[in-house]
Amino acid sequence: MKSQTSVPTTKVARASQFVKAGVKVGGNYIKHYSKKLLDPSLSKDELHKDNAADIYDALSELKGSALKMAQMLSMDRGLLPVAYSDKFTMAQYSAPPLSGPLVVKTFKTYFGKTPAQLFDKFDIQAVNAASIGQVHLAWKNGKKLAVKVQYPGVADAVSSDLKIAKPLAVRLLNLNERDIDRYMGEVESKLLEETDYDLELRRSIDISQACAHIPDLVFPKYYPELSSKRILTMDWLDGLHLKEFLKTNPTQEIRNRIGQALWDFYDFQIHTLRQVHADPHPGNFLMRPDGTMGVIDFGCVKVIPDFYYDNYFRLVNPDTLEDPELTEEIFENLEFLTPPIRQQNGYFSRISSKK
Amino acid sequence: MTLMLAEPFAVDSFDFGDDSYFTKVYAFAEGLANVQELKNSKVARGSQDGLYVNRTYYGLYAMLNELKARVTTTKPEWLRSKKELV
Ligand SMILES: Nc1ncnc2c1ncn2[C@@H]1O[C@H](COP(=O)(O)OP(=O)(O)O)[C@@H](O)[C@H]1O
């Protein structure tokens, strides 16, 4: 992969990236509809594929929050046509790396030292490009370490990126302005948190300690003295991402074991800690042949408010659904329904009969 | 959506390798996306807290599905149906 020497950080540069994608999406629609005039059987799938490719190309040049947004979209798989999500899952793995001089510069800014002065050995070539940073392999005192370095300019660009991305999101997701604003507000505050590696360091240490008793999970040790606002150092963990792991043909027993560890991890966080590693994508879990699994990246942690928790999980109890009044009350608490709609067209009864 | 995601909670052990369950979930989500009134400006799609909670379960289930894992769906006692005991 070719290194990027700079990230387009000015607002204008970023805006033009999004405009590029927007224009292409428009163009694809025209292409689709003119083709459709000739061939009415043409499926929408082809259109979606074209769009996904164009948008992905524009987003992957941007890195930072835009790439993270692509990741979010791909997460909500069910809400997106398959063509989009296939393309977007690529965002979970690869973005072009930053050049060596930029990496050294970041270290100088935050430690006043070069990586070579801080570590016994530091690979200037990144081993993994992540969404808002990249990961380097390093050694110190005989320990193999993973050092995550954030792309410069990411934190400052979050809010303006999201504003620019909004019209695209409206079009892509078919959501209305008001919903988008609410979601974007939530996404923005979480993204800003994700750029703060000091916060990530504290949370990583807290949650990994709280979850240490769960069988088969492995957490890295974190090093505050080798971390800063934009650099995070932890133990290197061996293991494979889900896709590569499956290629090794693990037995059913091992797969069940890892699945159980995943379930237990989330069960404990949601119901006991009430705060959750809200980024369960395959890039954050490193699976090993012995049925254990490394967990990394506590950048995105969602604290679940009690009121929301109570209502959400009351719905999960099958007894609740047999009580239509209670169900309706919960739906309203969760803001799924506004009263007029419910009466107008029986949306509620349709939902519940689908159960 | 929440209702569909709740299915594994209703049993003690759930086979996430069961593709028919996932086909159902995705079909349901696609259906929801197409329900006209959901695009209407006056209807909310659930509170913003739900964005992350649902996303978390989506991500978790999608991974368990790829793993084709069968797991014991441990959960707090109060989420169980009282009737199960009978
Ligand atoms: N401690 C570690 N040990 C081994 N590999 C790691 C470690 N931390 C990160 N990586 C690799 O780098 C990738 C990206 O790291 P991650 O923390 O998920 O970044 P981001 O949160 O920016 O997406 C991971 O998918 C993993 O392959």
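Throughout, protein chains are lettered first and strands after them, A, B, ... in sequence-line order, and every chain is numbered starting at 1. Hydrogens, waters and symmetry mates are skipped; everything else that's a heavy atom, side chains included, is used. All of these numbers come straight from a predicted model, not from anything done at the bench.
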Q.
For chain B, which candidate among A:L262, A:T272, A:D264 shows the most heavy-atom pairs at distances under 4.5 Å?
A. A:L262
Q: With a 4.5 angstrom heavy-atom cut-off, could you sort out which part of A:D267 is near chain B: side chain, backbone, both or neither?
A: side chain
Q | Carboxylate-amine/guanidinium proximity below 4.0 Å for B:D19 and B:K68 | A | yes
Q. A:I270 versus chain B, heavy atoms under 4.5 Å apart: side chain, backbone, both or neither?
A. side chain
Q | Parallel, tilted or perpendicular, as decided by the 30° and 60° cut-offs, for the rings of A:F265 and A:F298 | A | perpendicular
**Q.** Aromatic ring pairing A:Y309/A:F313, orientation class (parallel under 30°, perpendicular over 60°, tilted between)
**A.** tilted
Q: Between chain B and each of A:E253, A:Q252, A:H271, count heavy-atom pairs under 4.5 Å; write down the option with the most.
A: A:H271
Q | Partners passing salt bridge (charged side-chain N to carboxylate O under 4.0 Å, His left out) against B:K75 (at least two apart in sequence or in another chain) | A | none
